[in-house]
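Inspection log for the structure reproduced underneath, given as structure tokens.
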Amino acid sequence: MHGGTLLTALGSVGCFLVLFGTTALADFPEPAKLPSNPELPDPLVMLNGERVKTKEDWVTKRRPELKELFQHYMYGHMPDAPGNVTFKTERTDKKYLDGKATKKEVTIAFGPPDTPKLHLLLVIPNDRKKPAPVFVGANFHGNYTVTKDPTIPLPTVWVPNGTKDIKDNRAAEAARGFQAAVWDIEDVLSRGYAVATFYCGDVDPDRADKREGVQAHVLNKGETKPGPNDWGSVAAWAWGIMRTVDYLVTDADLDKDRMIVVGHSRLGKAALVAGAFDERIAVVIPHQAGCGGTAPSRGKVGESVKRINTSFPHWFDANFKEFNDQVDRLPFDQNGLVALVAPRPVLFTNGVEDTWANPEGQFQVLQAADPVYRFLGVEGLEAKKMPEPGKLIDSRVGYHIRLGKHSMGKDDWKVWMDFADKHLGK
Ligand code: GCU
């Protein structure tokens, strides 16, 4: 048990929730002591076996419990928003892209002075009468790769090798704009949306061998150094998205009620975590996020929990590794994370050839989250079976699969914008 005042005993599995001031810390059972459940656990049943009966129970008991469970057993504990987040607009160009847009580059700083800073690239359409809805998401290689703009500085932190001239994990001029088709900014602007993106490595370079991201600097309450069940990289990237949202809600050019989080693959996992934990985000679109994101941990197709924990040990916390050979003991599955998004719209998008991300299992995750949407009095997943490729299920719990492989581009953006138009209005 952690010290402090014991407020609630959660019963059958011997679990206690203890509050320190305002922070709830859960002392949950060891993984091996959790009951085995081969099915996706019902998000409307509490850890102690009690069924959620009212919306109030959902909001005041089960939602907080699920957030604790996901942090404790999988993603690691994320610190609260730091009180000292600051924003500095480094460059503004009101005549960007031949006058079609306004570009802003904003530095987001937090924590002690040596904490890594987040560099946000924001492109906002000029042809509009109201504040713009905005897509927000992390990118894989640096802001300078998402457009050909020569003024965007190269990241100075570690970047992945293997593309263009990038060697020794240092960003290279030759890579400028090489992700422009992935981000498709001009099309997105032409449909009235703004785009906000930052390099994921600003908050956490994706390295298994070294913790050099925000986790090393921003600690959970009461700690002097990071613990084994503190946030891994997926949670750190999600936390970075939330700090970006801290800025976005202050920008009068943007509609703070129409923010959509997107992300591809590992960054799709982060998009879903951010959407689940941050209710300021209106629509959540993880793309091909797969295991550890949108695919069931209990899935039998594609990447397994054991495999992801072995290849990418830094993405999750120490507890998650305990489930490598006993995923049936996880007290939740990814439908519980979607349930945390409810009643807000969510869309999973996939590619037929991307079986590593288990597109069918993802559909089952949505089916198993649907009851929570219904319970909260809104529409859920309006499809009984997987749609054929190219047909968008655009209900509040949405799904799409297209032909093709693991990638992100124009065709995906079109689907995301159709979904956002439907749920947020044009
Ligand atoms: C690997 C990993 C996936 C991840 C993907 C990506 O394939 O196994 O879990 O989603 O990389 O981020 O591209």
Side-chain angles (χ1 to χ4, degrees), residues 70 74-76 137-142 145-146 158-164 166 169 175 178-179 181-183 197-209 213 231-241 261-276 284-317 320-321 323-324 327 330 333-334 337-338 347-363 365 400-402 404-409 412:
F70 272 105
M74 186 169 182
Y75 296 108
N139 64 67
F140 276 84
H141 301 275
T145 66
V146 309
W158 182 98
V159 296
N161 284 335
T163 19
K164 305 292 170 188
I166 299 178
N169 304 108
F178 94 98
Q179 293 277 291
V182 170
W183 282 81
T197 185
F198 64 93
Y199 170 46
C200 65
D202 277 357
V203 276
D204 187 20
D206 194 0
R207 306 175 69 176
D209 54 343
W231 46 344
S233 301
V234 172
W237 297 325
W239 193 88
I241 294 170
V261 67
V262 288
H264 184 214
S265 211
R266 68 198 68 184
L267 300 178
K269 306 180 207 297
L272 179 56
V273 173
V284 181
I285 308 184
H287 177 53
Q288 302 181 327
C291 185
T294 47
S297 294
R298 286 165 174 78
K300 304 273 185 278
V301 174
E303 191 171 25
S304 66
V305 165
K306 186 171 190 168
R307 177 67 192 266
I308 203 167
N309 273 329
T310 309
S311 317
F312 306 100
H314 56 299
W315 286 1
F316 304 96
D317 71 0
F320 197 46
K321 281 93 194 147
F323 294 93
N324 281 351
V327 281
L330 266 173
D333 212 302
Q334 298 309 97
L337 201 58
V338 179
L347 171 69
F348 285 7
T349 51
N350 280 288
V352 170
E353 291 168 44
D354 186 22
T355 51
W356 188 238
N358 191 1
E360 280 168 37
Q362 293 189 37
F363 188 77
V365 162
H400 185 262
I401 185 161
R402 57 153 167 76
K405 54 184 172 52
H406 192 71
S407 62
M408 162 172 158
D412 301 309

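Bear in mind the structure is a predicted one, so any value in this text is a computation, not a measurement. Both ligands and their constituent atoms are indexed starting at 1 by order of listing. Heavy atoms only: backbone and side chains are in, while hydrogens, waters and symmetry mates are out.
The environment of E303 atom CD is dense: over 12 non-hydrogen atoms of other residues, nucleotides or ligands sit within 6.0 angstrom.
Side-chain N or O atoms of Q362 include none that pairs as donor or acceptor with a backbone N or O of Q288 at under 3.5 Å. The backbone N or O of F140 sits nowhere less than 3.5 Å from a side-chain atom of R266 that would complete a donor-acceptor pair. Listed for the H406 side chain is no donor-acceptor partner under 3.5 Å among the backbone atoms of T355.
Paired with W231 under the rule ring-ring contact (aromatic ring centres under 6.0 Å, His included), one option of W237, F316, W239, F70 passes, and it is W239.
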Protein N/O near ligand 1 N/O, under 3.5 Å, which pairs?
unit_1: ligand 1; atom_1: 7 (O); unit_2: W356; atom_2: NE1; d: 3.3
unit_1: ligand 1; atom_1: 8 (O); unit_2: E303; atom_2: OE1; d: 3.1
unit_1: ligand 1; atom_1: 8 (O); unit_2: E303; atom_2: OE2; d: 2.6
unit_1: ligand 1; atom_1: 8 (O); unit_2: W356; atom_2: NE1; d: 2.9
unit_1: ligand 1; atom_1: 9 (O); unit_2: K269; atom_2: NZ; d: 2.8
unit_1: ligand 1; atom_1: 9 (O); unit_2: E303; atom_2: OE1; d: 2.6
unit_1: ligand 1; atom_1: 10 (O); unit_2: S265; atom_2: OG; d: 2.6
unit_1: ligand 1; atom_1: 10 (O); unit_2: R266; atom_2: N; d: 3.4
unit_1: ligand 1; atom_1: 10 (O); unit_2: K269; atom_2: NZ; d: 3.1
unit_1: ligand 1; atom_1: 11 (O); unit_2: R266; atom_2: NH2; d: 3.0
unit_1: ligand 1; atom_1: 12 (O); unit_2: S265; atom_2: OG; d: 2.9
unit_1: ligand 1; atom_1: 12 (O); unit_2: R266; atom_2: N; d: 2.9
unit_1: ligand 1; atom_1: 12 (O); unit_2: R266; atom_2: NE; d: 2.5
unit_1: ligand 1; atom_1: 12 (O); unit_2: R266; atom_2: NH2; d: 3.3
unit_1: ligand 1; atom_1: 13 (O); unit_2: S265; atom_2: OG; d: 2.7
unit_1: ligand 1; atom_1: 13 (O); unit_2: H406; atom_2: NE2; d: 3.4

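Every residue two or more places apart in sequence or in another chain that forms a side-chain contact (heavy atoms from CB on, under 4.5 Å) with P296 is listed here: L40, D333, N358, V365.
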